[in-house]
Amino acid sequence: MSYSKPTNKQDHGVSQNNNDIQEKEGFYVNGKLTYIPLERTPKGTINSPYFITTDLDIQQIVSGYYYCCLLTRDGNMISQYLSDKPVKQQTSGIVQLAPGSYHWLCLSYEGKVYSMGKNQNGECGVGNHEKQTNLVEINFFSKNDKTVRFISAGYSQSYFLTTENELYVCGSNSSGNIGLGFSTNKPSLLKRDVLDVFCSQESEAFMFRTINNQIYGSGKNGSGKLGIGRKETIYTPTLINFFDQKEVVKIVIAYQHSVALIRENGKNIAYSCGIGIVSGHGSNKNYIEFTKIPKLQKNNILQIECGYNHTLAMDDQSQFYFWGSIGITVNHIHTLPKKIMGINFPITESIAIGCGSFNYFIYPSSHTNMARDLMKIYLSGELCDGNIKGIKVHKQMLNCRTSSHFEDIKKILESYKVEEIKMFLKWVYSDTIEDHKLIFSICEKFNIENPKKRHLIDDLTTLYKDSKSKDFTILVSDEDQSSEVDEEEDEDEDEDEDEEQDEVHAHKFILAARSELYYHMFESVTEGMDRIPDYTQRSLETLEILMKYLYTGKIELSADSEPDIVLNELSDAHEYYQLTTSTQFISQLNGLRKKYNIFN
């Protein structure tokens, strides 16, 4: 596989100048670029991280042999499959993508599953073996009143976990890929009482964890990647004794190796097995049992993903490591983990990683603008009005995320270690889940069934509507009335007029997080500052739209709005308030101008 660098890099929104991209929105990619569904993206293959700029609020990126999909925060999906042009799929509320080699799955908020791809082995689960060039619902689950909570996919097979902890499978079973003993083009029940399922797009094997914390594996095992102590294909699920009495955080199974994160002494330690030159051990031998990766044994690994013959990892210091080879052959191979240099995201970003068949991605995770701003105000300690074991917090933030009173929240959290509380607070402020088991356990105490479906934007929208908890008032000026006021009117008359002014209410910590103007204002003076006049002389409607945007990230005009006036006022207001999401805000303004045929 060739490694040619694209030409005209700046013209295509791709930059190698890492010092110049920290404030831009986008993601890093290394490897195959051919099917990335963004216009003017270079094609071909590269062999060093490149930054691609985009205004899309990306939640997940997946990639296989002949496709790449981008899932955005609003649940839409842009994909490119066997074509030269990106296609925006007509989706609604997609929360997860699961990539296979030649197909992929989509899971919606409602627990519905959709599929698309080659489907040669029935892996799309729609009852036939015809190629699916558009998303199609796998209606087996709705017909049988089943709700899916998690999806995964492999080389030519698919896996579905329901809310009742049932594991359904479909696709090829040529090497025990689905553990049934036969192949099927419709979802079939494999096992009940299953908590997790582990696979990746290039694997012809899989593992799953039961409610008894036992882990089973099945599938192609010529490299020893199942870690069962021998090299032979396993056709039915077999218990993997290595994982007994261990706290497994995650397992990823690739083509010729597997990687597992195991919690030990407060850290996630990376283990691997399979062919040594791609599993990070630096040797040619096959590791038929999971073994610590020597070069990473001191690192606390938060995220790990695998492609065909490569692995990408991120530790708690936001350091990235790569090993293996991007491609089918083992050219340009790194037999030991190598630190990736020049990845520059601000420390307050929530970073996600992903591996395609022949590439990898590093990108700010979903709703990154909101998460970044809230993490910044949390880490700064500004305007915090609560304290839990010495950690400063914003009470209203915890209240809206847990739907509980602060004193009850504090009582529950004080039973945890400081490190665990900080992990939970990272979820509170950014939706980031570093320790799946811990966050689910804490959220359960607040009657939150699934924190993955409790989204930051939704809770902040609820907070925006909660007028009782708002602690700051903006007095709205009326330009027409103010021009008629005689400068010689006495103070009593001025006070009477002030009482008649309209008001917009907000939370100080939200204003400080989202507006540089308010951040520096509150930084200088906090005591007694609970109301100020708006000196911009914008209309009440414009300020209300602006305030709602700070909570929701969306500019929404009403049916009665005068778009030409409101959009121009919003444009000026965003500059005055120095919004932290300038690019996103302007992009939405331009979209609305186009919608209403308003041109400046």
Side-chain angles (χ1 to χ4, degrees), residues 62 64 96-105 107 113 115 117 121-125 148-162 165-184 187-211 213-228 230-243 248-261 271-274 279 288 290 304-308 311 355 357:
V62 300
Q96 184 204 348
L97 303 178
S101 289
Y102 300 97
H103 76 292
W104 69 93
L105 308 174
L107 177 65
V113 185
S115 63
N121 296 282
E123 60 268 24
C124 286
V148 177
R149 65 175 176 85
F150 183 80
I151 51 177
S152 186
Y155 180 77
S156 56
Q157 69 275 8
S158 301
Y159 310 94
F160 316 89
L161 267 179
T162 71
N165 295 328
E166 297 171 325
L167 176 58
Y168 286 83
V169 296
C170 69
S172 172
N173 193 62
S174 60
S175 300
N177 315 38
I178 56 177
L180 278 177
F182 57 89
S183 299
T184 175
S188 297
L189 178 65
L190 175 66
K191 189 171 178 59
R192 292 184 172 87
D193 297 330
V194 175
L195 287 181
D196 302 291
V197 60
F198 308 104
C199 193
S200 76
Q201 65 264 45
E202 292 304 327
S203 179
E204 294 180 78
F206 73 107
M207 300 181 195
F208 61 83
R209 173 167 39 197
T210 68
I211 60 174
N213 206 33
Q214 293 180 315
I215 293 179
Y216 292 79
S218 177
K220 198 170 186 177
N221 187 45
S223 63
K225 66 182 179 183
L226 286 177
I228 59 175
R230 60 187 187 274
K231 296 188 296 179
E232 61 183 36
T233 296
I234 306 299
Y235 289 96
T236 57
T238 299
L239 181 66
I240 304 175
N241 294 319
F242 169 81
F243 293 116
V248 177
V249 178
K250 184 174 183 177
I251 304 171
V252 186
I253 311 169
Y255 180 64
Q256 299 184 99
H257 72 289
S258 299
V259 184
L261 294 183
Y271 286 72
S272 69
C273 62
S279 58
I288 58 177
F290 281 91
I304 198 138
E305 297 293 344
C306 295
Y308 192 92
T311 303
C355 281
S357 297

J.: Are any side-chain N or O atoms of Q201 and backbone N or O atoms of C355, one a donor and one an acceptor, separated by less than 3.5 Å?
T.: yes
J.: In chain order, what residues pass the salt bridge (charged side-chain N to carboxylate O under 4.0 Å, His left out) check against E305, with sequence neighbours excluded?
T.: K250
J.: Applying ring-ring contact (aromatic ring centres under 6.0 Å, His included), can you list everything that pairs with Y271, at least two apart in sequence or on another chain?
T.: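 Counting only residues at least two positions away or on another chain, Y271 forms a ring-ring contact (aromatic ring centres under 6.0 Å, His included) with F242.
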J.: Residues two or more places apart in sequence or in another chain: which of them pass side-chain hydrogen bond (donor to acceptor under 3.5 Å, both in side chains) with Y159?
T.: Q157
J.: Using the side-chain contact (heavy atoms from CB on, under 4.5 Å) criterion, which residues pair with S183? Sequence neighbours excluded.
T.: S172, N173
J.: Taking C-beta and beyond as the side chain, do L190 and F206 meet within less than 4.5 Å on heavy atoms?
T.: yes
J.: Can you list the steps and then say if H257 with C306 is a side-chain contact (heavy atoms from CB on, under 4.5 Å)?
T.: CA-CA 9 Å; H257 72 289; C306 295; 3.8 Å; yes
J.: With sequence neighbours left out, what residues match C170 under side-chain contact (heavy atoms from CB on, under 4.5 Å)?
T.: S158, F160, T184
J.: So, taking the atom named CG in D196 and the one named OG1 in T210, what distance separates them when rounded to the nearest 0.5 Å?
T.: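 Rounded to the nearest 0.5 Å, the CG-OG1 separation comes out at 10.0 Å.
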J.: Looking at CZ of F290 and CG of L226, how far apart are the two atoms once the value is rounded to the nearest 0.5 Å?
T.: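 Answer rounded to 0.5 Å: 7.5 Å.
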J.: Is a donor on one side and an acceptor on the other found under 3.5 Å between the side chain of S175 and the backbone of N177?
T.: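 No; judged by distance alone, with no hydrogens or angles, the pair does not exist.
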J.: Report the residues that fulfil side-chain hydrogen bond (donor to acceptor under 3.5 Å, both in side chains) with S272, sequence neighbours left out, ordered by chain and then residue number.
T.: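 side-chain hydrogen bond (donor to acceptor under 3.5 Å, both in side chains) list for S272, sorted by chain: H281.
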J.: Indicate the atoms forming the closest heavy-atom contact of C273 with S279, along with that distance.
T.: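 Closest heavy-atom pair between C273 and S279: O-CB, 3.9 Å.
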J.: Can you sort out the partners of S101 under side-chain contact (heavy atoms from CB on, under 4.5 Å), two or more places apart, ordered by chain and number?
T.: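 For S101 the side-chain contact (heavy atoms from CB on, under 4.5 Å) partners, ignoring immediate neighbours, are Y65, Y155, E202.
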J.: Taking only residues two or more places apart in sequence or in another chain, which ones pass salt bridge (charged side-chain N to carboxylate O under 4.0 Å, His left out) with E204?
T.: K220
J.: Which residues satisfy the side-chain contact (heavy atoms from CB on, under 4.5 Å) test with F150, sequence neighbours excluded?
T.: Q96, S152, L161, V197
J.: Donor-acceptor check, side chain of S218 to backbone of I234, threshold 3.5 angstrom: yes or no?
T.: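 Indeed, once roles are kept as given, a pair shorter than 3.5 Å links the two residues.
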J.: For A254, does its backbone N or O pair with a side-chain atom of K225 as donor and acceptor, under 3.5 Å?
T.: yes
J.: What is the distance from atom OG of S188 to atom CG of L167, rounded to the nearest 0.5 Å?
T.: 11.0 Å
J.: Counting N and O atoms only, with roles assigned by atom type, does the side chain of N221 sit under 3.5 Å from a partner on the main chain of G219, one being a donor and the other an acceptor?
T.: no
J.: What residues, two or more places apart in sequence or in another chain, satisfy side-chain hydrogen bond (donor to acceptor under 3.5 Å, both in side chains) together with S200?
T.: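 S200 satisfies side-chain hydrogen bond (donor to acceptor under 3.5 Å, both in side chains) with no residue once adjacent residues are dropped.
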J.: Just to verify, what does Y216 make a side-chain hydrogen bond (donor to acceptor under 3.5 Å, both in side chains) with, not counting sequence neighbours?
T.: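 If we apply the side-chain hydrogen bond (donor to acceptor under 3.5 Å, both in side chains) test to Y216, skipping adjacent residues, the hits are Q214.
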J.: Taking only residues two or more places apart in sequence, or in another chain, which ones meet R149 in a salt bridge (charged side-chain N to carboxylate O under 4.0 Å, His left out)?
T.: none
